[in-house]
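First comes the structure, then the notes that go with it.
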Protein chains: 2
Amino acid sequence: MSDQKAVGRPRSAEVDEKLKRAALKLVRERGYRDVSISALIAEAGVSRQSLYNRWHSKADLVLEALTDDTEGLVQLPDPARAGSAQAALRDFLHGIFRHLALDGTTLRSLIAAAQEDPAFREALRTRFVEPREEIVTALLARAQSAGELPAGRDIRMLSAFIHGAFWYRLLNGLPLDEDTARDIAAAIFAP
Amino acid sequence: MSDQKAVGRPRSAEVDEKLKRAALKLVRERGYRDVSISALIAEAGVSRQSLYNRWHSKADLVLEALTDDTEGLVQLPDPARAGSAQAALRDFLHGIFRHLALDGTTLRSLIAAAQEDPAFREALRTRFVEPREEIVTALLARAQSAGELPAGRDIRMLSAFIHGAFWYRLLNGLPLDEDTARDIAAAIFAP
DNA sequence: ACATTTAGCAGACCGCAGTCTAAAAACTAG
DNA sequence: CTAGTTTTTAGACTGCGGTCTGCTAAATGT
């Protein structure tokens with residue numbers, strides 16, 4: 001797990017930073033599709049090869065820039081604090097939706113990019129999708145133990161329903177707002 | 001609704017056919033991403049402009065070729081025949097999944113293309129997504145009237161759950177098989 | 001017959017992605 | 001200090017998409 005290479009010129013951390021900053025800035029102001037690699041390296045002031053030394057594609061760079069920026073934002077909500085598991089789920093979803101007001105369109109583009117690139121699909125899954133899946137699954141499991149959810153319910157399928165509804169609305173251009181968060185939570189916990 | 005233009009050289013129906021056939025053939029054997037516009041028109045034996053006279057993009061052409069090919073395949077299942085609304089839903093999903101064994105990867109690419117192109121997103125919704133939504137919604141509504149589904153359940157949200165789970169699995173590269181169809185139907189009708 | 005209009009074809013053109021080459025720069029090992 | 005290794009930069013190169021131009025072909029209307 002230690003550094004592989006103690007030989008050769010070391011990577012410049014500054015170049016990393018410049019590229020990630022340029023990526024976030026340009027993607028947010030022009031949109032993912034309209035940011036070319038050429039524009040990225042021009043904005044960052046680095047060479048083309050320096051980008052490809054670090055990432056395989058624009059999608060890879062933007063994913064890292066985005067996850068760096070939202071670190072520590074996704075965490076398991078406390079049902080006791082929220083009042084109930086249903087309220088905790090609602091608040092958790094609402095928090096995610098609020099954050100997507102800024103980067104939702106970029107996330108859509110990343111999901112799109114993942115469809116044509118298996119390696120990036122894997123990266124998106126491990127860095128973005130799975131952490132959120134685990135939180136929801138844990139929340140539902142706790143709710144089921146506490147009796148807030150009937151014992152017969154299929155936790156993993158309910159988790160797929162929640163994330164699926166989220167993706168479905170995101171990718172179809174439907175709004176993700178507080179009402180949506182409330183309705184999803186209500187439907188999951190419906191008797 | 002009648003023909004707009006009674007003047008000028010008429011469009012060749014043969015060119016339409018050649019392009020759609022070429023699109024289906026190449027996309028199925030090489031995959032959407034690896035089919036270039038240049039390869040399409042070469043395979044069809046038509047000019048570049050003839051393609052752009054008819055469709056705005058590769059995605060538009062492939063969508064039409066695909067929906068032409070699967071016409072009449074999506075229809076409202078009969079719960080009486082299947083035994084129950086749950087069985088009807090399971091069979092309906094299974095039928096869709098079976099068909100996607102051939103064109104599932106192409107559908108993923110079309111969904112991806114829709115994320116970067118609002119006009120195509122609309123086309124995909126009206127030609128592909130909404131017909132399936134309506135069938136599922138009608139099925140759930142009938143089931144609710146018949147008492148197979150509790151009266152309090154939110155039909156539209158359940159429909160979003162079903163399609164969302166489908167999209168979520170499709171776009172994350174998870175298998176869509178008979179078991180998945182059964183599990184989704186079971187979770188929707190869980191007491 | 002003839003003007004008008006649209007479709008068809010071949011091919012030029014520009015911008016970009018992704019790969020590659022060559023040379024300078026920054027490090028380690030010995 | 002020297003040899004070896006990797007990063008960085010500048011820029012060339014190929015292939016493609018999408019647009020545009022010039023020309024020919026096939027229809028309509030008077």
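Within every chain, numbering begins at 1; the chains are lettered A, B, ... in the order of the sequence lines, protein sequences first and strands thereafter. These values consider heavy atoms only, across backbone and side chains, with no hydrogens, waters or symmetry-generated copies.
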Between [X] and [N], is there a side-chain N or O to OP1/OP2 distance below 4.0 Å?
X	N	answer
A:S57	C:dA17	no
A:N53	D:dT8	yes
A:S38	C:dA17	yes
B:S47	C:dG11	no

Could you check whether any side-chain N or O of A:Q144 sits under 3.5 Å from a backbone N or O of A:I155, counting only pairs where one atom can act as donor and the other as acceptor?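 No.
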What's the separation between atom CD in A:E14 and atom CG in A:L19, rounded to the nearest 0.5 Å?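 Spacing of CD (A:E14) from CG (A:L19) equals 11.0 Å.
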First locate atom CG of B:L61, then atom CG of B:D16, and finally report the distance between them rounded to the nearest 0.5 Å.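 If I round to the nearest 0.5 Å, the distance is 9.5 Å.
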Under 4.0 Å, heavy atoms only, any strand: does B:S12 hit a base, just the sugar-phosphate, or nothing?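 B:S12: backbone/sugar contact only, no base atoms under 4.0 Å.
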Spacing of [X] atom [atom1] relative to [N] atom [atom2], expressed in whole Å:
X	N	atom1	atom2	answer
A:K18	D:dT8	NZ	C1'	11 Å
B:D34	C:dA17	CG	P	18 Å
B:L40	D:dG15	CG	P	19 Å
A:W55	C:dG18	CH2	C1'	17 Å
B:Y52	C:dC9	OH	C1'	16 Å
B:R33	D:dG15	CZ	P	18 Å
A:I41	D:dT9	CD1	C1'	10 Å
B:D16	C:dG8	CG	C1'	13 Å

Candidates [options] - which lies nearest the side chain of [X]:
X	options	answer
A:I37	C:dG18, C:dG8, D:dA26	C:dG18
B:R48	D:dG18, C:dG8, D:dT8	D:dG18
A:V7	D:dT6, C:dG8, D:dA10	D:dT6

If two hydrophobic side chains count as joined below 4.5 Å and joins carry through other members, does A:F128 share a cluster with B:L174?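 Cluster IDs for A:F128 and B:L174 differ.
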Residue closer to the 5' end of DNA chain D, B:A39 versus B:Q49 (nearest nucleotide):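 Looking at the nearest nucleotide for each, B:A39 comes out on the 5' side.
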Can you find a donor-acceptor pair, distance only, under 3.5 Å between A:R9 side chain and D:dT6 base?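 Check fails, no donor-acceptor contact within cut-off.
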Are A:F166 and A:F97 an aromatic pair by the rule of ring centers under 6.0 Å?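 Yes: the rings meet the under 6.0 Å criterion.
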